[in-house]
Amino acid sequence: RSGKMAKLTQLINSEVFQAYATYATIVLLKMMLMSLITAYFRITRKAFVNPEDTASFGKGDSAKKYLKTDPDVERVRRGHLNDLENIVPFVGIGLLYALSGPELSTALLHFRIFAGARILHTFAYLIPLPQPSRGLSWAVGYAVTFSMAYNVLKMVLFL
């Protein structure tokens, strides 16, 4: 039993796992930043969706006018939702991939391309950059996650 624990400890202390931890943290922090950006846009555009959020602007009809949607807030929210749809699978699949024992250079390539694609996707969404920049950055990140998933399945299921 202690032999298995030693192997797990070796995997966690490996450079691949450390690289995974680094890039997973980067993209998770980026995703968390999207919450703050959403809050910033809500406050500066005075566009809220919950009545209790408008309490600082008065009561009754004077506060109701702040219960509205704003295109800038919605754009940031869509970018954040896209992060949730892409970063969460990366974190799970990336962990399995890192623990499957890939070469460091290949793992770094996967992790760096994914992180770069997600950061570019955020800029493409927020600025906004012309298409196909947002679509391509999404596709690149998605392809990286699929590549890691394929490698995990190949290793575990011998595909």
Side-chain angles (χ1 to χ4, degrees), residues 8 11-12 15-100 102 106-153 156-157:
L8 182 59
L11 282 173
I12 290 173
E15 290 179 309
V16 171
F17 185 80
Q18 291 172 1
Y20 161 76
T22 299
Y23 286 96
T25 301
I26 288 169
V27 294
L28 287 168
L29 285 171
K30 189 213 80 61
M31 187 171 68
M32 290 171 63
L33 179 63
M34 293 300 287
S35 296
L36 297 174
I37 295 171
T38 301
Y40 170 79
F41 273 79
R42 282 199 183 287
I43 291 166
T44 58
R45 304 310 192 267
K46 293 184 174 70
F48 302 96
V49 293
N50 300 309
E52 64 272 15
D53 297 338
T54 65
S56 62
F57 299 107
K59 293 185 181 194
D61 290 338
S62 64
K64 280 185 182 177
K65 67 181 176 182
Y66 299 109
L67 290 173
K68 60 183 179 181
T69 58
D70 178 86
D72 294 331
V73 172
E74 291 307 308
R75 178 172 275 286
V76 175
R77 280 182 12 85
R78 287 190 305 272
H80 190 201
L81 286 173
N82 195 278
D83 276 351
L84 289 169
E85 294 168 358
N86 290 274
I87 291 174
V88 171
F90 167 81
V91 169
I93 291 170
L95 175 62
L96 296 174
Y97 175 72
L99 295 176
S100 72
T106 306
L108 279 170
L109 187 64
H110 279 93
F111 302 153
R112 287 174 177 165
I113 290 173
F114 181 84
R118 291 313 304 171
I119 290 167
L120 177 61
H121 184 271
T122 297
F123 283 117
Y125 230 126
L126 295 181
I127 290 176
L129 296 176
Q131 280 287 31
S133 58
R134 190 178 81 239
L136 285 174
S137 59
W138 171 85
V140 167
Y142 217 70
V144 166
T145 303
F146 267 107
S147 174
M148 290 187 304
Y150 173 77
N151 282 297
V152 169
L153 291 173
V156 175
L157 297 177

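If you take OG1 on Thr106 and CE on Met148, they are separated by 12.5 Å, rounding to the nearest 0.5 Å. Note that the CZ atom of Arg77 and the CD1 atom of Ile37 stand 14.5 Å from one another [nearest 0.5 Å]. Taken from CZ in Arg134 to CG in Asn82, the straight-line distance is 8.0 Å, to the nearest 0.5 Å. Atoms CG and NE2, on Leu136 and His121 in that order, are 10.5 Å from each other to the nearest 0.5 Å. Note that the CD1 atom of Ile43 and the OG1 atom of Thr38 stand 11.0 Å from one another [nearest 0.5 Å]. To the nearest 0.5 Å, atoms OH (Tyr97) and OH (Tyr150) are separated by 12.5 Å.
Looking at Ile87 and Lys30, their side chains come closer than 4.5 Å, going by heavy atoms from C-beta outward. By the 4.5 Å heavy-atom criterion applied to side chains, Asp83 and Thr122 are counted as neighbours. Side-chain contact between Val144 and Phe111 is absent, with no heavy-atom pair separated by less than 4.5 Å. No side-chain heavy atom of Val156 sits less than 4.5 Å from a side-chain heavy atom of Ser100.
Residues Phe114 and His110 place their aromatic rings such that the two centres sit no closer than 6.0 Å. If you look at Phe146 and Tyr142, their ring centroids are closer than 6.0 Å.
Of all heavy-atom pairs spanning Pro51 and Leu67, the tightest one is N-CD2, 3.6 Å. Residues Val27 and Ala115 come closest through the heavy atom pair CG1-CA, 3.7 Å. Nearest heavy-atom pair, Leu126 versus Val76, reported as atom, atom and distance to 0.1 Å: CD2-CG2, 3.5 Å. When all heavy atoms of Val152 and Ile93 are compared, the closest pair comes out as CG2-O, 4.4 Å. For the pair Ala117 and Val140, the tightest heavy-atom approach, listed with the atom from each and the gap, is CB-CG1, 4.0 Å. Of all heavy-atom pairs spanning Ala47 and Asp70, the tightest one is CB-CB, 3.6 Å.
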Where do Thr54 and Lys64 land on the side chain to side chain contact (heavy atoms under 4.5 Å, CB included) test, with the steps shown first? CA-CA 7 Å; Thr54 65; Lys64 280 185 182 177; over 6 Å; no
Under the side chain to side chain contact (heavy atoms under 4.5 Å, CB included) rule, what do Asn151 and Ser147 come out as? Steps first, then yes or no, please. CA-CA 6 Å; Asn151 282 297; Ser147 174; 3.6 Å; yes
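For the pair Arg42 and Phe48, the NZ or CZ position fails the cation-pi test of under 6.0 Å to the six-membered ring centre and within 45 degrees of the ring normal.
By the 6.0 Å contact criterion, CD on Glu15 is open, its count of non-hydrogen atoms from other residues, nucleotides or ligands being 12 or less.
In terms of the ring pair (Phe, Tyr, Trp, His ring centres under 6.0 Å) criterion, Tyr40 has no residue partners (sequence neighbours excluded). With sequence neighbours left out, the ring pair (Phe, Tyr, Trp, His ring centres under 6.0 Å) criterion links Phe41 to no other residue.
Side-chain contact check for Tyr125 and Arg75: no donor-acceptor pair (N or O, by modelled atom type) lies under 3.5 Å.
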